[in-house]
Student: 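So that we are looking at the same thing, I have put the structure below in structure tokens.
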Amino acid sequence: MRWTEYLLPTLKETPAEAEIISHRLMVRAGLVRKLSSGIYSLLPLGLRAVKKVENIVREEMNRAGGSEILMPVLSPSELWTESGRWNVYGKELMRVKDRHDRFFALGPTHEEVVTDIVRRDVRSYRQLPLILFQIQTKFRDEVRPRFGVVRAREFLMKDAYSFHRDEACLAKTYDRMFEAYTRIFKRCGLRFGPVEADSGAIGGDVTHEFMVFAETGESQVFACDCGYAATIDTAECEPVQAAAEAGQAALEKVSTPGTTTVEEVTQFLKKKPSELLKTIIYKVGDEYAAVLVRGDREVNEIKLGRALGTTDFVMAAAEEIEKVTGGPLGFSGPVGLKGVRLIADHRVAGMANMVTGANEADAHYVNVNLGRDFDVREFHDVIVAIEGDPCKCCGKPLSTWRGIEVGQIFKLGTKYSEVMKARFLDEQGEEHPFVMGCYGIGVTRTVAAAIEQHNDKDGIVWPISIAPFEVHILPTNVSDEDLRETAEAIYTGLTDAGIEVILDDRDERAGNKFKDADLVGTPLRVTVGERAAKEGKVELRHRKTGETIKLDRREAVRIIVDTVKDEKRKLAV
Ligand code: 9G3
């Protein structure tokens, strides 16, 4: 490709709203342009990188036994009503109406549509397992689109769905997909980790997210040397042993005027926050629940949702707390609390002689003991993990890192097939719902994550496997016929050898061309300069290491072709 025939608008300025490096560089290097909030056009360079990722994903999905399909962007509301999700997703689900006043969703994901296809065309266990995948534009009306294509409202996703006769078969495909994902992200040149995750509203219980290590990532991961890694919504903290029975002091109600926060109460009573029991009242459906956690810890509402078995809950309002506990906000406690479901974090079992609210204004209890003063039947892990919490597998302290989620795989089970009556016949002619899995990769997001991980002060440093071009030829002066011809000859030689080359044939100052070459980040740069040309030499430079070698111009093509092959081999799996 010749720069002068191409659209490659590099910028010196960065858009003010670009908060992370990948967003800034994707705009500055001319990969994307914003059309509207969370909506981007891919310019030629951006599209080339996206296609590279797409092709790696496609190859690995085919290798894993997938069949590529393309489902419509529009899906009729009836399918979503059938699955029960038309009313679950509120404004995030973009909806349009046709001329007959029929509603359609702009596909945010395709569980419903693929299940409909399979229930019509797959009848027998002999047709299973089946893996269908597509690479397609998805729509989600994010509350707060940001970080460029990382959290966009329209984005490219690879979504795959698998259908099985039983859980054992699903488990095999899940493992195969896990392996395919590992190969995909390795081939893209990413440092990443698979992480145990929460399945959210989609249902199912086994799920892993694939996270690209990045300081600016939105996801916090808790990890241990033993190999355990989990998201903040899943990371388990080891349950604590029950407290010794001995040493229980007498329960006492004390006056704590005007103290409502953990800090105020504990300072006033000269106690530590870890000695206080926080009691948080939630409205769960039409009922109330009190959630009990140690004073120095916070509730994780995703974990709480799993403990409650529903996502239909909110923190109770002050008036509701008065009604339920008899006391104002800030003075709730489990002692004498009636008609309220009690859920305690595991660590509460290890507490003794606690401070709790007394369910009346300006009063707390001290020396409260579990079993003697109140009882709890439901213990769950409902707190936000923090660095240093013991690993659930080996007990060593957990450390944390940040990442960008680029993929997620799920065991769905029969959640969709049951409600949508998608069934097959077994050997005995008996009907069963399909057991399903689903597997996503954010394709545009993967490109951004790669840039987030591979850049320096001058610009992008592409892994060669997903670089828009492999070689960047830079004649320092196109008015010089000798330079121009040398550059053209190398361009033709490399292109004929199947190398992807951009030739900066602009009549621009050499300094600007070097700056743009670094910004655009092509792995190998060939400089055709005046001095070198006089000696019959060109210069080959590695963008990543800065390593530079002089090449005889008659040998240049052969050596560059070999270098490209070597660099690609380093990312092969
Ligand atoms: C919606 C809307 C947003 C959504 C969903 C549905 C996330 C939704 C989860 C998934 C899970 C898997 C297929 C590939 C693998 C991942 N946000 N999810 O289901 F209607 Cl508005 O999409 N989908």
Side-chain angles (χ1 to χ4, degrees), residues 38 57 60-61 64 66 68-96 103-118 131-145 150-163 170 173-174 176-178 180-181 184-185 194-195 197-211 218-219 231 233 302 305 311 405-413 415-417 419-420 434 436-446:
V57 168
E60 296 300 335
M61 284 299 108
E68 187 166 0
I69 60 174
L70 187 58
M71 292 179 271
V73 162
L74 291 172
S75 55
S77 63
E78 289 77 13
L79 273 184
W80 291 78
T81 313
E82 228 186 306
S83 72
R85 296 212 296 175
W86 186 252
N87 293 320
V88 168
Y89 277 96
K91 290 189 171 168
E92 195 184 346
L93 183 61
M94 290 182 145
R95 300 158 213 248
V96 293
F103 278 102
F104 289 78
L106 291 184
T109 174
H110 280 72
E111 281 79 7
E112 281 81 357
V113 182
V114 79
T115 304
D116 181 63
I117 292 173
V118 169
I131 305 171
L132 300 174
F133 77 96
Q134 66 172 349
I135 298 173
Q136 193 216 31
T137 300
K138 296 284 189 278
F139 298 82
R140 292 179 186 177
D141 201 353
E142 294 281 346
V143 182
R144 190 162 174 221
V150 170
R151 186 132 52 82
R153 299 196 292 170
E154 181 178 333
F155 58 98
L156 201 60
M157 186 203 260
K158 185 282 298 177
D159 45 329
Y161 307 86
S162 68
F163 296 83
L170 167 62
T173 297
Y174 188 86
R176 212 165 160 196
M177 284 293 186
F178 192 105
Y181 275 43
I184 288 166
F185 298 121
V195 166
D198 176 71
S199 58
I202 179 165
D205 36 42
V206 178
T207 172
H208 285 86
E209 287 178 6
F210 286 76
M211 298 276 194
E218 288 187 272
S219 311
T231 63
D233 298 329
I302 303 282
T311 52
E405 182 204 332
V406 287
Q408 187 164 13
I409 58 178
F410 296 82
K411 287 185 187 174
L412 281 175
K415 181 181 148 104
Y416 292 90
S417 52
V419 288
M420 294 184 63
F434 294 103
M436 292 171 58
C438 71
Y439 317 88
I441 290 182
V443 175
T444 28
R445 184 185 282 196
T446 298

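Indexing begins at 1, ligand by ligand and atom by atom, following the structure's order. Quick caveat: nothing in here was measured; it's all calculated off a predicted structure.
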Student: Using a strict 4.0 Å cut-off to heavy atoms of Cys438, name the atoms of ligand 1 that fall inside it.
Tutor: 12 (C), 15 (C)
Student: At less than 4.0 angstrom from any non-hydrogen atom of Thr109, what atoms of ligand 1 do you find?
Tutor: 5 (C), 6 (C), 8 (C), 13 (C), 19 (O), 22 (O), 23 (N)
Student: Only heavy atoms of Gly440, strictly under 4.0 Å: list the atoms of ligand 1 that pass.
Tutor: 14 (C), 15 (C)
Student: Parallel, tilted or perpendicular: which fits the ring planes of His208 and Phe178, with parallel below 30° and perpendicular above 60°?
Tutor: perpendicular
Student: List ligand 1 atoms under 4.0 Å from Trp80, heavy atoms only on the residue side.
Tutor: 20 (F)
Student: With backbone taken as N, CA, C and O and side chain as the heavy atoms from C-beta onward, which portion of Leu93 lies under 4.0 Å from ligand 1: side chain, backbone, both, or neither?
Tutor: both
Student: What are the two closest heavy atoms between Ala160 and Met61, and how far apart are they?
Tutor: CB-SD, 4.4 Å
Student: With a 4.5 Å cut-off on side-chain heavy atoms, are Val73 and Phe104 touching?
Tutor: no
Student: Quick check on Phe139 - does any of its heavy atoms sit under 4.0 Å from an atom of ligand 1?
Tutor: no
Student: May I ask you to decide whether Glu111 forms a salt bridge with Lys415, counting only side-chain N to carboxylate O separations under 4.0 Å?
Tutor: no
Student: May I have the step-by-step check of side-chain hydrogen bond (donor to acceptor under 3.5 Å, both in side chains) for Arg85 and Tyr416, ending in yes or no?
Tutor: CA-CA 10 Å; Arg85 296 212 296 175; Tyr416 292 90; 3.0 Å; yes
Student: Mark up the atoms of ligand 1 that fall under 4.0 Å of a heavy atom belonging to Arg85, in ascending order.
Tutor: 6 (C), 8 (C), 19 (O)
Student: Should you measure from each heavy atom of Tyr161, which atoms of ligand 1 turn up under 4.0 Å away?
Tutor: 13 (C)
Student: Given that the side chain starts at C-beta and the backbone is N, CA, C, O, which of these parts of Tyr439 lies under 4.0 Å from ligand 1, counting heavy atoms, or is it both or neither?
Tutor: backbone
Student: Which is closest to atom 22 (O) of ligand 1 in terms of heavy atoms, Arg140, Glu111, Lys91, Gln408?
Tutor: Arg140
Student: Is the Phe210 ring parallel, tilted or perpendicular to the Tyr181 ring (thresholds 30°, 60°)?
Tutor: tilted
Student: Using the side-chain contact (heavy atoms from CB on, under 4.5 Å) definition, which of the options Glu82, Met420, Glu78 pairs with Glu112?
Tutor: Met420
